[in-house]
Amino acid sequence: MEQRHLGRTGLRVSRIGLGTLTWGRDTDEHDAADMLKAFWEAGGTLVDTADVYGDGEAEYLLGQLMDGLVPRRDLVISTKAGSVPDPDRRVDGSRGHLLAALDASLARLGTDHVDLWHVHAYDPATPLEETLQALDLAVSSGRARYAGVSNFCGWQLAKAATWQLTAPGARTRLAGTQVEYSLLQRGVEREVLPAALDLGVGLLPSSPLGRGVLTGKYRHTTPADSRGASEHLAPFVEPYLDDTATRIVDAVTTAADGLAVTPLQVALAWVRDRPGVAAPIVGARNAQQLTAALSVEALSLPDEICRALDDVSAPVHRYPDHDWSTL
């Protein structure tokens, strides 16, 4: 699998990442082992998790698998901290919480460092410089090799990345930002993506298949074994089952038929090759689904197909996102 630099750093990651959102909950240890081995054998390196996935079980399971199935040195382990199961405060970006969460993640993963550590979300109740200082301390102490943010909007990302760049050598440059990005969710193109490109921050798209909808599986019904039929994940899928999404999915299916490939491959290739993207994070349910996603490695979409998909999925960007003189 092709390797790409994450932003303007020396960190190289496989251009498809393996997500573990459902590990330890919907994905058991056998399916997780099959996926990790298939991913590693295909040349994949970037494995993404978080301290809240499966209430910590995802990290624990990944750590168990690294202990005997796949060498730790062959993987780029990315995790996140900051989300908390508190209905009154969903995010805690305080230095104390973040560093304690990192130590707990390392214990579950069974490693002395992670390769990439993200703040899971912006915390308006904590000064941003305090949150960012936790990243600096994590890197300077060797507990994290690189740092980034997740789910930051455009101004938040720009402020954080600029703050880090004002003291080169003393502060840790942001390597990446993880945000949802797909043909069904192109909101990051308004401000997040331009900021990331300008500041040298690599984009790690989550839900690159539109929460599974872009595979076409929901075109006529909701499969019984799908996330859309799951009690706790159905609300996650439902927003992308509207008429707008249907029109985009139909276009993806038409393109796939013309190229003799699958809708999954078309949708994943589109986001993988967008400007600024380092590696989409794919969250498969089993090894069969993951293998289908990894088969996109040999596919590059023709320019005319990309333009057609861009047109049918184009979000409304008006003032001030576009040059005012063109409006």
Side-chain angles (χ1 to χ4, degrees), residues 1-19 39 43-50 72-82 93 98-99 102 105-106 109 111-122 128-129 131-154 156-181 188 191-206 208 271-282:
M1 192 183 301
E2 180 182 321
Q3 305 288 304
R4 291 174 172 173
H5 283 278
L6 182 60
R8 228 167 278 159
T9 72
L11 178 61
R12 288 165 58 83
V13 298
S14 55
R15 64 174 181 169
I16 296 292
L18 174 61
F39 182 67
T45 61
L46 177 62
V47 182
D48 179 75
T49 189
R72 168 68 180 90
R73 65 180 179 275
D74 289 352
L75 299 178
V76 175
I77 301 300
S78 166
T79 195
K80 298 178 282 293
L98 291 176
L99 293 175
L102 176 58
S105 289
L106 294 176
L109 288 164
T111 183
D112 62 358
H113 75 278
V114 291
D115 301 286
L116 179 61
W117 188 47
H118 291 95
V119 176
H120 209 152
Y122 182 83
L128 181 60
E129 57 268 29
T131 297
L132 296 174
Q133 188 183 38
L135 299 182
D136 297 335
L137 289 169
V139 172
S140 64
S141 66
R143 287 176 283 177
R145 297 296 189 252
Y146 293 86
V149 296
S150 176
N151 299 308
F152 276 38
C153 70
Q156 294 164 354
L157 172 63
K159 184 177 180 180
T162 301
W163 175 265
Q164 294 303 93
L165 289 171
T166 56
R171 296 178 188 155
T172 301
R173 182 190 194 110
L174 294 187
T177 180
Q178 188 172 141
V179 285
E180 185 170 352
Y181 187 23
V188 299
E191 292 190 343
V192 174
L193 183 54
L197 287 168
D198 185 69
L199 292 161
V201 179
L203 208 68
L204 297 168
S206 59
V271 70
R272 181 199 64 195
D273 295 333
R274 298 295 285 179
V277 169
I281 308 298
V282 176

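Any value given below was found using the heavy atoms of this structure, including those in side chains, with hydrogens, waters and symmetry copies removed. Keep in mind that this is a model prediction, so the values were computed, not measured.
Contact record, Ala175 with Leu6: O-CG, 3.4 Å, taken as the closest heavy-atom pair. Shortest non-hydrogen contact noted between Gly276 and Leu193 is CA-CD1, 4.4 Å. Scanning both residues, Leu18 and Phe39, for their nearest heavy atoms gives N-CZ, 3.7 Å. Closest non-hydrogen pair, Ala279 versus Val13, comes out as CB-CG2, 4.2 Å. Nearest heavy atom pair, residue Leu99 against residue Ala134, reads CD2-O, 3.6 Å.
Thr111 has its side chain within reach of Leu106: a pair of non-hydrogen atoms, C-beta onward, lies under 4.5 Å apart.
Under the 4.0 Å criterion applied to side-chain N and carboxylate O atoms, Arg72 and Asp115 are assigned as salt-bridge partners.
A side-chain N or O of Arg171 and one of Thr166 form a donor-acceptor pair less than 3.5 Å apart. In this model, no donor atom of one side chain and acceptor atom of the other lie less than 3.5 Å apart for Asn151 and Gln156.
A distance of 10.5 Å separates NE2 in His113 from OH in Tyr146, rounded to the nearest 0.5 Å. Rounded to the nearest 0.5 angstrom, Asp136 CG and Thr131 OG1 are separated by 11.0 Å. Summarising the geometry, atom CD1 belonging to Ile281 is positioned 4.5 Å from atom CG belonging to Asp48; distances are rounded to the nearest 0.5 Å. Taking CG of Leu132 as the start and CG of Leu137 as the end, the distance is 11.0 Å to the nearest 0.5 Å. To the nearest 0.5 Å, atom OG of residue Ser78 and atom CG of residue Leu11 are 9.5 Å apart. Annotation: the span from Glu2 atom CD to Arg15 atom CZ amounts to 4.0 Å, rounded to 0.5 Å.
Side chain of Arg8 to backbone of Arg173: no donor-acceptor contact under 3.5 angstrom is found. The main-chain N or O of Val76 is never found under 3.5 Å from a side-chain atom of Thr45 such that the two would form a donor-acceptor pair. Using a distance-only test at 3.5 Å, with no hydrogens or angles considered, no donor-acceptor pair links the side chain of Lys80 to the main chain of Trp117. Glu180 places no side-chain N or O within 3.5 Å of a backbone atom of Ser206 that could act as its donor or acceptor partner. Formation of a donor-acceptor pair under 3.5 Å by the Ser141 side chain with backbone atoms of Ala138 is found in this model.
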